[in-house]
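What follows is a short report on a single structure.
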Protein chains: 2
Amino acid sequence: MSLLVVGSMAFDSIKSPFGEAEQIVGGSATYFSIAASCFTPVRLVSVVGRDFPEAAIGKLSARGIDLQGLTVAEGETFRWKGYYENDLNVAHTVRTNLNVFEDFAPVLPAEWKETPYVFLGNINPRLQLDVMAQIRKPRIVALDTMNFWIEKSPQPLREAIRNIDILVINEAEVRQLTGELNLIRAARLLMDAGPERVVIKRGEYGVLHLSGDGIFAVPAYPLDTIFDPTGAGDSFAGGFMGYLASMGDKEISEKDYRMATVYGSAVASFTVQAFGTQRLESLSRDDIAQRVSSFRSLSEIPG
Amino acid sequence: MSLLVVGSMAFDSIKSPFGEAEQIVGGSATYFSIAASCFTPVRLVSVVGRDFPEAAIGKLSARGIDLQGLTVAEGETFRWKGYYENDLNVAHTVRTNLNVFEDFAPVLPAEWKETPYVFLGNINPRLQLDVMAQIRKPRIVALDTMNFWIEKSPQPLREAIRNIDILVINEAEVRQLTGELNLIRAARLLMDAGPERVVIKRGEYGVLHLSGDGIFAVPAYPLDTIFDPTGAGDSFAGGFMGYLASMGDKEISEKDYRMATVYGSAVASFTVQAFGTQRLESLSRDDIAQRVSSFRSLSEIPG
């Protein structure tokens, strides 16, 4: 089934202890949609400037990502410059230029208003609410956010969170959103405030997926080559939601949610092995299946 | 089979965001031996001062821990004072008084020299070497250390590590010991330098167990009540080595190593639920079995 994502598309300039890259294509919606398109048809809602390369748009299109919802606006594309120190879990921002993103007002094409799966990427919570208001009867709505919006727009963010099914955020953000240090208690507070599930991204430590039915922990795949953690969280979300959307209209079971968490983790583990979307773009279904099987042997407790 | 541990016994004064405790019984050998005694007979080599409470010694004895190797020396017991901030993974030391530990020279009782399982707790690497020199034909020797010894005694430490089977240390120590940032590459360097296995403790993120046969990741058990992380690593090691020693003299398989890692994690997950050794002391085999089964559902990837 179709999966709609709204989020940023950007030029990133990134430095990590393992190299650097200047002005490469990035953004949450870019990583998410490439990852999700390994599993299901994707509808992308975002905005770029006239400077965004046609070749990059062509690549998304070639993956079957529907770009009807992509606005090409006068002006420059959103730009982010940042770096990682030895602790790859923390991104340090040097500069953010919103550019065309400043006036972004997502309007869904008429036939997209009934998209069953929706991912509200990390953008202004008011825009996330705008998109939710345009969607009719979705099956699953998931949302990501970040410290910036938790501080600047707590009210709209709270309202958005009240109406979603799955919250997908970082460990530090779980604590910041709730003011509760204990992660499990914090996640329960969030589930009391709206979503049925909280999926906590912990960088190189993997993912905790909490629901009323219990907790599922997936380690990050241990890699001896990590170049750039940028986009790992968005790729995880793309693999996770893409896998769920690929279930068709059958009822989603706890088992499906677990497998979605593993598939998301598998996809994310490839993203960090190169700068930008490079490795993600060349990912085959076979690569993913092999990595999922490696996850099994990584975490299998003998019977 | 018997398991010998050499390490510290101490009075700890601890403050965490969740409470504090003054001068409670602690030390690596204390936590280790209580945890291990859930599985196998334990032989304890350590030193305390005249101020160490007889009741505490009686409690160890009542668990079947053999205290022939415990010296009661003139002077005061080793004291540690520390605190944890919101990040429970980092212990901040306020004060360390070695006291009777300063002149500690472990001498094994004659009949202990053929103990098959040996754990060299986090003490001066020269003492670890002394103990190794006294042991004849052990089946498995494991060793723990800390940043202090990595900085102060790199040579004796390297020599000790060359002759052990399993290195059990923290994530940060793996990087510090090798100067290699990537954890997997760092663990491989360590395995090239001696031990067949490196078991990496990652606090609230669990454990990575690396060997020539691959990697096993166990998450830490997610708890909504954590009071004091002190002793979690030593309890893990105690459960881990205790489980291995309980295998008798059959050849230890990869499956056994995995289960030992899970049992260690299960025991450690109880330790942090109270200050000091309190929760650990009241642990039943049933408690442990239940927690191990919770670990299964926590990390099970559906088939």
Side-chain angles (χ1 to χ4, degrees), chain A residues 16-18 85-89 171-172 175 180-188 200 202-210 213-227 253-263 265-266 292-303, chain B residues 16-18 85-89 171-172 175 180-188 200 202-210 213-227 253-263 265-266 292-303:
Chain A
S16 87
F18 308 105
E85 292 180 344
N86 291 345
D87 180 356
L88 296 177
N89 291 311
E171 189 170 26
R175 295 188 166 110
E180 166 65 53
L181 281 180
N182 181 285
L183 206 61
I184 307 308
R185 284 205 293 267
R188 285 198 199 118
I200 304 175
R202 307 170 108 187
E204 64 172 315
Y205 301 111
V207 171
L208 279 185
H209 179 145
L210 295 98
D213 287 319
I215 308 180
F216 179 41
V218 181
Y221 194 72
L223 295 163
D224 59 7
T225 50
I226 300 183
F227 286 98
S253 67
E254 203 56 37
K255 183 189 155 196
D256 298 326
Y257 278 114
R258 285 200 170 212
M259 289 315 298
T261 312
V262 176
Y263 273 91
S265 302
V292 166
S293 122
S294 300
F295 266 93
R296 282 188 198 284
S297 58
L298 174 66
S299 56
E300 192 192 356
I301 300 178
Chain B
S16 86
F18 307 104
E85 292 181 344
N86 291 345
D87 180 355
L88 296 177
N89 291 312
E171 188 170 26
R175 294 188 168 110
E180 165 64 56
L181 282 179
N182 181 286
L183 206 61
I184 307 310
R185 283 204 294 265
R188 284 199 200 120
I200 305 174
R202 309 170 107 186
E204 64 172 315
Y205 302 110
V207 171
L208 278 186
H209 179 143
L210 294 97
D213 286 319
I215 309 179
F216 179 41
V218 182
Y221 194 73
L223 295 163
D224 60 7
T225 51
I226 300 181
F227 286 98
S253 67
E254 202 56 39
K255 182 188 156 193
D256 298 325
Y257 279 114
R258 286 200 170 212
M259 288 315 297
T261 312
V262 176
Y263 273 91
S265 303
V292 166
S293 121
S294 300
F295 266 93
R296 283 188 197 283
S297 59
L298 174 65
S299 55
E300 194 194 355
I301 299 178

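A note on names: the letters A, B, ... follow the listed sequences, proteins ahead of strands, and every chain is numbered from 1.
- Ranked by heavy-atom pairs shorter than 4.5 Å toward chain B, the options A:Ala187, A:Ala220, A:Pro222 are led by A:Pro222.
- Considering only heavy-atom pairs separated by less than 4.5 Å from chain A, the leading option among B:Ser299, B:Gly206, B:Gly214 is B:Ser299.
- In this structure, CD1 on A:Ile215 lies 7.0 Å from CG on B:Leu298, to the nearest 0.5 angstrom.
- For a residue to count as touching a neighbouring chain, one of its non-hydrogen atoms must lie under 4.5 Å from one of that chain's; by this rule B:Phe18 touches chain A with the side chain only.
- Contact detail for B:Ile301 and A:Phe295: the closest heavy-atom pair is CD1-O, 3.7 Å.
- With hydrogens and angles ignored, the 3.5 Å screen pairs a side-chain donor or acceptor of A:Asn182 with a backbone N or O of B:Leu223.
- For B:Val262, the part sitting under 4.5 Å from any heavy atom of chain A is the side chain, from C-beta outward, and nothing else.
- A donor-acceptor pair under 3.5 Å links the side-chain atoms of A:Arg185 to the main chain of B:Asp224, judged by distance alone.
- Residues B:Arg258 and A:Glu300 meet the side-chain proximity criterion, which asks for heavy atoms closer than 4.5 Å.
- Taking every heavy atom of both residues into account, B:Pro302 and A:Lys255 meet most closely at CB-CG, 3.2 Å.
- In this structure, no portion of B:Glu180 lies under 4.5 Å from any heavy atom of chain A.
- With respect to chain B, the highest number of heavy-atom pairs below 4.5 Å among A:Ser294, A:Pro17, A:Ser297 belongs to A:Ser297.
- Comment: A:Glu204 engages B:Arg202 in a salt bridge, judged by a side-chain N to carboxylate O separation of less than 4.0 angstrom.
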